[in-house]
A.B. asks: 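Shown below is the structure under consideration.
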2 protein chains.
Amino acid sequence: MARRKRDHLVETALGLFMRDGFHATGIDRILAEAGVAKMTLYNNFHSKEALIVAALERHDAAFVDWLQSRVEALADAPGDRLLALFDALDEWVSGDDYHGCPFMKACGEFDDVEDPVHAAALAHKRRVFIYVRELAEAAGADDPARLAGELFLLIEGAMIVAQMTRDRSTARRARAAAEVLVAATLTAS
Amino acid sequence: MARRKRDHLVETALGLFMRDGFHATGIDRILAEAGVAKMTLYNNFHSKEALIVAALERHDAAFVDWLQSRVEALADAPGDRLLALFDALDEWVSGDDYHGCPFMKACGEFDDVEDPVHAAALAHKRRVFIYVRELAEAAGADDPARLAGELFLLIEGAMIVAQMTRDRSTARRARAAAEVLVAATLTAS
DNA sequence: TGTAAACTATACAGCTCTGTATACAGCAGA
DNA sequence: TCTGCTGTATACAGAGCTGTATAGTTTACA
């Protein structure tokens, strides 16, 4: 099957998109890096935009799986898992190869909410938010959606600040703030 | 003087960069929109990158001035001014013409921290952080840098989430979280 | 071993990009 | 009127871009 080639193409593309941006990365460079012919690309995707969407969708599934498995490995109690979100985040954004969140970058370069690329990225963010809300519900928060919304802002804030500053303490600072928010909600109930 | 033409060019460029992105916006479109000849651009800036940096530097000053004046108009007490930051933020990100924070977008498209564009954007973010820290100091926070760092994460998180989702309640949610963090710090001292 | 599908290589069409070159117009001041 | 400055208009060089066309090669599998 062509699964291998296709997957390799999508993975290579995402790596280059992250480092250099979507518009700044040309098809030819992706093909050269992946060692794939141009016609193979256009036999699998009908445009560069379709390749971008495929890359985002693939990374969506991989990232959510990774996040959930890390959180579950790092903590057992529901309340602790809300904070383990930030430990997992720290592992990611403090890495040497961190180039920011692909989905944020996609929304930045494709501003229109109706754009398929923006929509795919936004769908991913919604999935992450839902996971945070489920953790908040499990932790017995008074208003899980509200707590999740606030923690989500800290998560996204840490991602973008870590990308801009490359400061490795960013996620830990977000965790410290999250501790206050979680404690305030759980003791209030 | 040529000040007028130059300023108009920079303003037009920033507007287009925000809507369509830096790489996706060509010189020719900027010139057409601004009604300026190409040679006028290259007599004032030695490259497109220089124009981008100029646009960011100009917006840096304008934005910080606007933010400070809004915060001072919205609240008097130092503690209230920390929260007024989020009210001002709300005015901005809830507007119809909000297309995200220019400095975030710049860091997204110019990933390398050494890049002049990234550096200019980062310098702006540092200025905003310093202002937040000054407000935290004036409010008598125990650890002003820590509180400012946490509030800064909420501010940046609100900017990026509002851009991705176009949800107009984003900044208010950030404010609610900020209230908890501010209260926790001020009552602890 | 024969056949169909998938992949490669290469050339190219048509467009857009940044940046430069050149010729010209308007205008201020001596 | 001459000079110098600023801006305009236009053409163009050289590169890169997405996407297509065409012909040949490899691979999978019955």
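A, B, ... follow the sequence lines: proteins, then strands. Residue 1 opens every chain.
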A.B. asks: Expressed in angstrom and rounded to an integer, what is the separation of B:M39 atom CE from D:dT6 atom P?
C.D. replies: 13 Å

A.B. asks: Salt bridge or not for B:R19 and A:D112, using N-O below 4.0 Å?
C.D. replies: no

A.B. asks: Given D:dT8, is OP1 or OP2 found less than 4.0 Å from the side-chain N or O atoms of B:K5?
C.D. replies: yes

A.B. asks: Taking the side chain of A:A37 as its heavy atoms from C-beta onward, which of D:dA9, C:dG19, C:dT8 lies nearest to it?
C.D. replies: C:dT8

A.B. asks: Would you jot down, in residue-number order, the residues of residues 21-29 of chain B having a non-hydrogen atom under 4.0 Å from DNA chain C?
C.D. replies: B:T25, B:G26, B:I27, B:D28

A.B. asks: Within this structure, what is the NZ-to-C1' distance between B:K38 and D:dC12, rounded to whole angstrom?
C.D. replies: 10 Å

A.B. asks: So how far is it from A:R173 CZ to A:T170 OG1, rounded to the nearest 0.5 Å?
C.D. replies: 5.0 Å

A.B. asks: Using whole Å, report how far CD1 of B:I30 lies from P of C:dG19.
C.D. replies: 11 Å

A.B. asks: Specify the separation, in whole Å, of atom CG of A:L41 and atom C1' of C:dT8.
C.D. replies: 13 Å

A.B. asks: Measure from CG on A:N43 to P on D:dT25 and round the result to the nearest Å.
C.D. replies: 19 Å

A.B. asks: Out of C:dG19, D:dT8, C:dT8, which nucleotide sits closest to the side chain of A:V36?
C.D. replies: C:dT8

A.B. asks: Using atom OH of A:Y42 as one end and atom P of C:dC12 as the other, report the distance to the nearest whole Å.
C.D. replies: 19 Å

A.B. asks: Any side-chain to backbone donor/acceptor pair from A:H118 onto A:F110? Under 3.5 Å, distance only.
C.D. replies: yes

A.B. asks: Could you tell me the separation between the CG atom of A:N44 and the C1' atom of C:dA5, rounded to a whole number of Å?
C.D. replies: 13 Å

A.B. asks: Ignoring hydrogens and angles, tell me if any N or O in the side chain of B:T40 forms a donor-acceptor pair with the backbone of B:V36 under 3.5 Å.
C.D. replies: no

A.B. asks: Expressed as a whole number of angstroms, how long is the span from B:E49:CD to C:dC17:C1'?
C.D. replies: 16 Å

A.B. asks: Looking only at heavy atoms, which two atoms of B:A139 and B:L82 are closest? And how far apart?
C.D. replies: CB-CD1, 3.9 Å

A.B. asks: Is any side-chain nitrogen or oxygen of B:T40 closer than 4.0 Å to OP1 or OP2 of D:dT8?
C.D. replies: yes

A.B. asks: Can you tell whether the side chains of A:K125 and A:E156 come within less than 4.0 Å, N to carboxylate O?
C.D. replies: yes

A.B. asks: Strictly under 6.0 Å, is that where the ring centroids of B:H23 and A:F22 end up?
C.D. replies: no

